[in-house]
Structure formats: C-alpha cells, structure tokens
Amino acid sequence: MTAPLFRDPIHDGAADPTVIWNRAEREWWMVYTNRRADAPGPRQSWFHGTDLGVASSADRGASWTYRGVIPGLEWEFGRNTFWAPEILWHEDRYHMYVSYIRGVPAYSGRDTRTIQHYTSPDLVRWDYHGPISLDTRQAIDACVHPKPGGGFRLWYKDSAAGQHTYAADSEDLYAWRTVGPVITEIPHEGPNVFALGGHTWLVVDAWDGQRVYRSDDLETWERRGTILDKSGSRPDDQGPALHADVVVHPHRQEPGGPGDSATIFYFTHPDREGRDEATYTDRRSAIQAATLRVVDGTLVCDRDADDEIDLGIPDD
C-alpha cells in the first residue's frame, strides 16, 4: 500500500477517517476531521474550528485525491467544530453522525459536545436533523451498526463518564435511546464496530494502539488483545494507530480457504514524542491503511505487510 495513504494538503492534519462508497460518483470517499496542524492559535484551538475534509479514490482505494470540505453543515452562527464523522447508507440516503462543539475553544474538555444528525442523497448536499438525544452532554465519536434482530446500535465516547464507550439504540436512525456503558476498563475513544470472519468486532483507540473486543450478540464483549500498537516501518507510520475505521471487502478470498478480509484506516502522528502537541511537527498527521484478517478466531494486522489495497466495487 502507498504510505502514507493520504495527507491533507491544506492544513496537514487529516484525522478520524471514515470511508464510504459514493453511489453518485461511483468512487470511494474518505471523510475526515480536517485538523489545522498549521494553526497559530493558543493551546488546543488547532484541533477545534475544524471542517470535514473529503478525499476520493477512483481506483478502489489505492490512491486518494483531496476534494475540499463538505459545505453547508453550519446550523448556528459562527465558526464551529466538526469532528469524527460516521456515515452509513440506509434505504435511499446517507446518514451522518458527527461530533459537534460550538465555536473554537482554546482548551479541550470544558465544552458541551453533541452528536449531530444529517442526511444526504449524494454526500455533498446535507439536510440537518439536529442533535441526537443521549443521556450526556459530552458525546463524541459515533459508530453505528445494524442489530441482529433489527434496528441499529450507536456506540460513542462519553467524555463525562470516564472517557468510556456507551451505546444507544434506534429503530429508524432518527430517535435514539441510551442503553448504557459498554467498555469501561480504561479511558479511550473512537469506537468502531464491524463484522468479519464470523464474529462482530469492536476496536477502540486507547492511545496505545487499537484494543480489540469480540462479540456474537453486540451485548457481551470479550477482550481479544491489541493491534497496531507498535510502530511500522513505512513512511509516516510511526506511533500507535489512532481513531480507526474499517471497510470489510467480502469480494476478496484469502489464501488458504474462504473468508473475508478488511482494510483498516487510521491516522498517525509520526513525528510526535509523547503527548506533546505544541508545534506543527508534533501536530501533523497522516492517514494510513493496513489489512485485517481473522486467524483462529483472533483479529490480526501487520502494518508492514506488502499488501495491495482493494476495496472493490460494491453492488448498489
């Protein structure tokens, strides 16, 4: 795979990617938090005031072209903050759940954080439906997956409750009911849920790699190790993999027998040492990708493997 897979050419702070098939353009789109690594502002304002950046791929994910930012998301006055989009297609439209903070705070964690709901026919024109109702005012990092018996479950980070993953349920993707805590053993963020190799997997970003959990019912989760915690050798692939998204490609049969594989997209701070974020060098980030496989019931990922990315062409 090309490494880095993508860097934002405007602010060089691409983070929190979500990858979705654009039915209108017949291309894969990556929508991401457009952090402003080059911003001169005080303290942590550099990762506030962010748009949602867009890159597209016409070659099944092998290369990506910057396309701009999603317009028309503002619903109140001012320059505001959009983070960590989650996008899925259901019936005849896209649904986006995006983390939102009013304004451009100089400090992180003192602000109200909500998850806002939008719908679109084409990933460009978005209709605003307001914040989803949750039992917190500190919710970010949405992930949505269908439930086995019908309806949908949303996982999110509750920053006010130990930075743990909580869940909510919906029958129609509009009205949500909080279910409660899901993963509470350590602080973390960026939950992502996907089905692969006969199981459902949850990965979370605990800032030391992607911690892995497995479930067969979306209710009980078993810890199954950590992936992408050690630095890779590819350009800009140093440090733990941060806030990931997964695209499963059932069109690819793995050597040795039937089974699906997947591509995990994540971002890195390749030049950062520790948690320092004072300079452009510390702040800049890169999007990377690697192949996921299930081996003997365990999720494995070699970020240095000589794989080619192939997301396929979905059957619309």
Side-chain angles (χ1 to χ4, degrees), residues 1-19 29-57 61 63-70 81-87 98-99 101 104-105 108 140-141 143 157 188-192 203-210 227-247 263-290 301 303-304 309:
M1 297 184 188
T2 300
L5 188 68
F6 176 77
R7 284 175 63 181
D8 178 79
I10 307 303
H11 298 297
D12 209 11
D16 313 331
T18 188
V19 177
W29 274 30
M30 179 192 300
V31 185
Y32 58 92
T33 306
N34 198 0
R35 287 177 168 183
R36 301 174 301 132
D38 58 345
R43 303 294 181 175
Q44 295 163 322
S45 59
W46 68 277
F47 60 73
H48 295 121
T50 46
D51 294 307
L52 297 184
V54 176
S56 64
S57 174
S63 62
W64 296 83
T65 301
Y66 176 75
R67 298 289 296 276
V69 299
I70 294 180
T81 300
F82 294 87
W83 278 352
E86 163 74 335
I87 304 174
V98 59
S99 309
I101 299 171
V104 187
S108 182
I140 63 171
D141 295 354
C143 171
K157 172 186 173 180
H188 60 272
E189 61 188 12
N192 191 265
V203 295
V204 301
D205 175 10
W207 311 293
D208 61 355
Q210 297 290 310
I227 59 173
L228 297 167
D229 51 329
K230 302 294 191 299
S231 290
S233 62
R234 301 179 299 172
D236 280 356
D237 200 21
Q238 287 68 55
L242 303 168
H243 197 125
D245 186 41
V246 174
V247 175
T263 298
I264 186 167
F265 297 85
Y266 57 93
F267 79 96
T268 63
H269 286 297
D271 297 324
R272 180 179 293 183
E273 297 182 5
R275 298 299 299 272
D276 190 15
E277 53 188 42
T279 68
Y280 162 75
T281 299
D282 302 322
R283 297 171 178 179
R284 80 167 185 93
S285 55
I287 304 293
Q288 303 280 12
C301 182
R303 66 201 291 178
D304 289 332
I309 187 169

Checklist entry - Are the side chain of Ser56 and the backbone N or O of Trp29 linked by a donor-acceptor pair below 3.5 Å? => result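 No: the side chain of Ser56 does not pair with the backbone of Trp29.
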Checklist entry - Just by modelled atom types, is the Ile10 backbone N or O under 3.5 Å from a matching donor or acceptor in the Asp8 side chain? => result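 Yes: the side chain of Asp8 pairs with the backbone of Ile10.
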Side-chain touch [X]/[Y], heavy atoms, less than 4.5 angstrom:
| X | Y | value |
| --- | --- | --- |
| Arg272 | Glu277 | yes |
| Thr81 | Pro105 | yes |
| Trp207 | Asp205 | yes |
| Asp208 | Pro240 | no |
| Gln288 | Arg303 | no |
| Pro191 | Val204 | yes |

Checklist entry - For the residue pair His269 and Trp46, does the interplanar ring angle fall in the parallel (under 30°), tilted (30 to 60°) or perpendicular (over 60°) class? => result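 His269 vs Trp46 ring planes: perpendicular.
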Checklist entry - Taking the six-membered ring for Trp, are Trp83 and His48 parallel (under 30°), tilted (30 to 60°) or perpendicular (over 60°)? => result parallel
Residues forming a salt bridge (charged side-chain N to carboxylate O under 4.0 Å, His left out) with [X], sequence neighbours excluded:
| X | result |
| --- | --- |
| Asp236 | Arg7, Arg284 |
| Asp245 | none |
| Arg36 | none |

Next on the checklist: Using the rule given for ring-ring contact (aromatic ring centres under 6.0 Å, His included), can you reason through Tyr32 versus Phe267, listing the C-alpha separation, both sets of side-chain angles and the distance that settles it, and then say yes or no?
Outcome noted: CA-CA 10 Å; Tyr32 58 92; Phe267 79 96; over 10 Å; no
Closest heavy-atom contact between [X] and [Y]?
| X | Y | value |
| --- | --- | --- |
| Thr33 | Ala84 | OG1-N, 2.8 Å |
| Ser63 | Ser57 | O-OG, 2.9 Å |
| Asn192 | Val246 | OD1-N, 3.5 Å |

Item to check | Worked check of side chain to side chain contact (heavy atoms under 4.5 Å, CB included) between Trp64 and Val19 | outcome: CA-CA 11 Å; Trp64 296 83; Val19 177; 4.0 Å; yes
Next on the checklist: How long is the straight-line distance from NE2 of His243 back to CG of Asp141, given to the nearest 0.5 Å?
Outcome noted: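 Here the interatomic distance stands at 4.5 Å.
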Item to check | Pair Tyr266-Leu5, side chain to side chain contact (heavy atoms under 4.5 Å, CB included): steps then yes or no | outcome: CA-CA 10 Å; Tyr266 57 93; Leu5 188 68; over 6 Å; no
Checklist entry - After noting the C-alpha distance and the side-chain angles of Asp271 and Thr281, does the key distance pass the side chain to side chain donor-acceptor pair (under 3.5 Å) rule? => result CA-CA 6 Å; Asp271 297 324; Thr281 299; 5.5 Å; no
